[in-house]
Amino acid sequence: MPELEMLARNVVDCWSNGNLALAVRSLQGHLNEEEAVRRKHAKEIAELREQYRGDSDREVDGHPEVRIGNAGIFVAVWHWVPIESDD
């Protein structure tokens, strides 16, 4: 499960047990880290967007998920997958 989804579920779960503030602070910390990584690697993300410009099968969100690797970054890319009809 992606970390953002896990943190969002934690906020929902904590709504009823009284730890909502802690869950929201954790979520805020994650969102701040995500934004900092996107700012740091804005050039690489822009280059990837340019690489896929005009490609109707791939798309990079305005605020994509980015993960740091050993010698580079991973950027979440939407990739179109057609589904055959069962008809």
Side-chain angles (χ1 to χ4, degrees):
M1 171 183 320
E3 188 173 0
L4 181 58
E5 182 179 348
M6 180 193 67
L7 290 166
R9 287 183 185 278
N10 192 35
V11 168
V12 172
D13 292 343
C14 288
W15 183 268
S16 61
N17 71 18
N19 292 328
L20 183 59
L22 178 62
V24 170
R25 282 194 299 273
S26 294
L27 177 59
Q28 180 183 24
H30 174 76
L31 294 172
N32 290 343
E33 289 173 16
E34 288 281 318
E35 185 59 31
V37 169
R38 278 193 294 271
R39 273 195 308 270
K40 180 177 180 179
H41 297 288
K43 177 183 175 217
E44 291 85 358
I45 295 167
E47 288 171 355
L48 183 63
R49 267 198 198 95
E50 183 61 28
Q51 178 182 337
Y52 289 144
R53 192 167 65 127
D55 184 335
S56 62
D57 290 336
R58 289 178 203 88
E59 180 179 318
V60 179
D61 279 342
H63 299 281
E65 287 191 50
V66 178
R67 296 293 175 263
I68 305 300
N70 290 334
I73 60 172
F74 293 96
V75 179
V77 175
W78 289 99
H79 189 115
W80 173 255
V81 178
I83 299 172
E84 292 185 28
S85 175
D86 290 338
D87 297 344

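All heavy atoms count here, side chains included; hydrogens, waters and symmetry mates do not.
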From CD1 (Ile73) to NZ (Lys40), nearest 0.5 Å: 10.0 Å
Charged N-O contact under 4.0 Å between Arg67 and Glu34: yes
Contacts of Val77 that satisfy side chain to side chain contact (heavy atoms under 4.5 Å, CB included) - sequence neighbours left out: Leu48, Tyr52, Arg58, Val60
Student check: side-chain heavy atoms of Glu44 and Val75 closer than 4.5 Å: no
Partner residues of Gln28 under the side chain to side chain contact (heavy atoms under 4.5 Å, CB included) criterion, sequence neighbours left out: Asn32
Residue pair Pro64 / Arg49, side-chain heavy-atom distance below 4.5 Å: yes
Same apolar cluster: Leu31 and Val24, side chain cutoff 4.5 Å: yes
CG-CZ distance between Leu20 and Arg25, expressed to the nearest 0.5 angstrom: 9.5 Å
Residues that Glu33 engages under side-chain hydrogen bond (donor to acceptor under 3.5 Å, both in side chains), provided they are two or more places apart: none
Test item: Leu27 and Asn10 side chains (from C-beta on) under 4.5 Å apart, heavy atoms: no
Expected output: side-chain Asp55 to main-chain Asp57 donor-acceptor under 3.5 Å: yes
